[in-house]
Structure formats: structure tokens, C-alpha cells
Amino acid sequence: MSAVPQELLDDVPRKADEAPPPRHVAVIMDGNGRWAASRFLPRVAGHREGARALRRTIDAAMRNGVEWLTIYAFSSENWRRPAGEVMDLTGLLRHYLKNEIAELRTNGVRLRFIGDRDRFDADIRDDLVVAEQTTAMNSRLNLTVALSYGARDEIAAAARTLAERVRAGTLDPASIDEAMLASALWTRDIPDPDLVIRTSGEQRLSNFLLWQAAYAELVFLDVLWPDFGPSHFAAALAEYARRERRFGARPD
Ligand code: FPP
């Protein structure tokens, strides 16, 4: 990743009448395979180009004053892809963790990972811990990477945690409410997303943040992820600003 000059990362000044940006943007980065196929390239070329689009998106989030960015990098279902593609994706992850964390740390990015990290090799698991620990003092952008993530897995794990507390006699089932279940999810330290963006024209959540996105605005863009850039990010933010968020209440 090339060094990003500090002045480019400073928040864009906002006019008083401008709507504030979404505090938390979550992104389903879809279309790497189709991007590669349309160029007669192997799928890994699409994933590599996708990693470049991810760098651009991190910069765009910081420049637009977004505080939280969550990306769907590897779903629990992705393990079912052919072994070669799984190796390519985990190889890219290794590369990212070894070579790019230092720059994210310098730029004020705090990293977190959500998902079933036990399915990754030990060296990757160790690097995930190091990346979280060495960026823990940062607060400019909270970047959460969903890896081996599935929302249904996450909710089932939270249910197991609470059930174990009931069995141990430390929790009364009648006291289980939304807040308690949310506090047992992998995202317990993370605010709910305000905006979920999905690229490639597909219009579904694909097991991403199902609980947390209950009131998120959904924006589907017709661009393949490797082609995603600052103008697409700005367009999604502009669409979000046009939406009226009522959280189930009636308008005044
Ligand atoms: C979806 O495209 C994308 C993925 C499964 C992986 C996303 C990964 C990156 C953007 C690269 C960065 C990766 C890491 C691990 C840091 P697809 O392959 O499902 O595309 P298709 O629907 O066109 O086949």
C-alpha cells in the first residue's frame, strides 16, 4: 500500500447543513471472480485487484469522516470453494497481515477481526492477534475484517454462551433481552452499521451482520468490487444521505 499523505486523510470539512456521514459503513465486496473472468484472467487476479480496491476504500472512509468500516473478506461458506482458491485467499490474507499492518497502524487504523478464527492455520491466527494488539491504541478508523464469518454461526455461538450461563445457574432465562444477546455477539464492542454497501449488482446480505443490520440502509451498486473506488463510495454516502431513517417510528 502506498503511503497516504496526512492532508488527504484529514476529514473533508462539512457545511453545517450537510447530513453527517454514516458512522459505520459495512461492505460486501462482491464480483472479484466476474471481474477476472471478463478479462480471461484467473480468479486470484480478481482477488488481488480486490485487495487494491480495499485499500482505496479504507482511504475513502477516512477522508469522508466514517469512524467504523467493516468488510466481508471471507465468509464461513467460502471454505467450500475449490482448495486452490481457498489457498489463494488465505495467501492474500497472510500477505496483507505481514506487509500492510504497519502502514494501517501509522495511519491511525484500529483493526479487529470477527468470525471463527480457529479454522485458520496457527501462523495466521497469531498474526491476527498481533494486528489487533499493535493497533489497539488507534482510533481514527475502526476497521473490522469479517473472516470465516457467518451471521448465523455468530448468533448460534451467542445462544450457546447464554445457555451455558443458564446451565451454570448464573443467568435467569427471563432476563435475556436484545441487549444481552447483542453483548454475546462477536461484534459486542462495535456499533451497528448505518449503511451496508454491496457491489456487483447482487441484492442480498449473504449471512453478513444479520442481527446488526436490522435498521441499516442497504445500497446495492452495479460495479464489480475490483473497480470500486472513491467515487462509488461517495455515491453510496450520497444515497444514504437521501434516505430518511425512522427506525420503525412514524415521521413527524
Ligand atoms: C467476492 O468475490 C469476494 C471474496 C470472496 C473475497 C474478498 C477478498 C478481497 C477483496 C481481497 C482481500 C482479501 C483479504 C483476505 C484481505 P467473488 O469471488 O465471490 O466474485 P464472483 O461473485 O464474481 O465470483
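Counting starts at 1 for both ligands and their atoms, in listed order. FYI, the numbering just counts along the sequence from 1.
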Has Phe74 got any heavy atom lying under 4.0 angstrom from an atom of ligand 1? no
So is Arg188 actually on top of Trp186's ring, under 6.0 Å and inside 45° of the axis? no
For atom 9 (C) of ligand 1, what's the nearest protein heavy atom and its distance? Asn32 ND2, 3.7 Å
Please say whether Arg34 places an N or O atom under 3.5 Å from an N or O atom belonging to ligand 1. yes
Would you mind checking which non-hydrogen protein atom is closest to atom 1 (C) of ligand 1, with the distance to 0.1 Å? Met29 O, 3.1 Å
Considering only protein heavy atoms, which is closest to atom 14 (C) of ligand 1, and at what distance to one decimal place? Ala73 CB, 4.3 Å
For Arg48 and ligand 1, answer yes if some heavy atom of the residue is under 4.0 Å from a ligand atom, otherwise no. no
Is the CE atom of Met87 crowded by more than 12 outside heavy atoms at less than 6.0 Å? no
How far is atom 11 (C) of ligand 1 from the closest protein heavy atom, and which atom is that? His47 O, 3.5 Å
N/O separation below 3.5 Å, Asp30 to ligand 1: yes
Polar contact flag, side-chain donor to acceptor under 3.5 angstrom, Ser76-Arg119: no
Heavy-atom neighbours of Arg125 CZ exceed 12 at 6.0 Å: yes
For the side chain of Asn138 and the backbone of Arg105, is there at least one donor-acceptor N/O pair under 3.5 Å apart? yes
Identify the two heavy atoms, one from Glu239 and one from Val219, that lie closest to each other, and give their separation to 0.1 Å. CG-CG2, 3.7 Å
Among non-hydrogen protein atoms, atom 19 (O) of ligand 1 lies closest to Arg81 NH2, 2.7 Å
For atom 24 (O) of ligand 1, the protein heavy atom that lies nearest, with its residue and separation: Arg43 NH2, 3.0 Å
Looking at Arg198 and Glu202, is there a salt bridge between them, counting it only when a charged N and a carboxylate O are closer than 4.0 Å? no
Residue, atom name and distance, where the atom is the protein heavy atom closest to atom 5 (C) of ligand 1: Asn78 OD1, 3.6 Å
Trp225 and ligand 1 - part of the residue with a heavy-atom distance under 4.0 Å: side chain
Taking Arg112 first and then Asp189, would you say they form a salt bridge - that is, a charged N and a carboxylate O separated by under 4.0 Å? no
Closest to atom 20 (O) of ligand 1 among protein heavy atoms sits Gly33 N, 3.0 Å
Is there a donor-acceptor contact under 3.5 Å linking the side chains of Glu85 and His47? yes
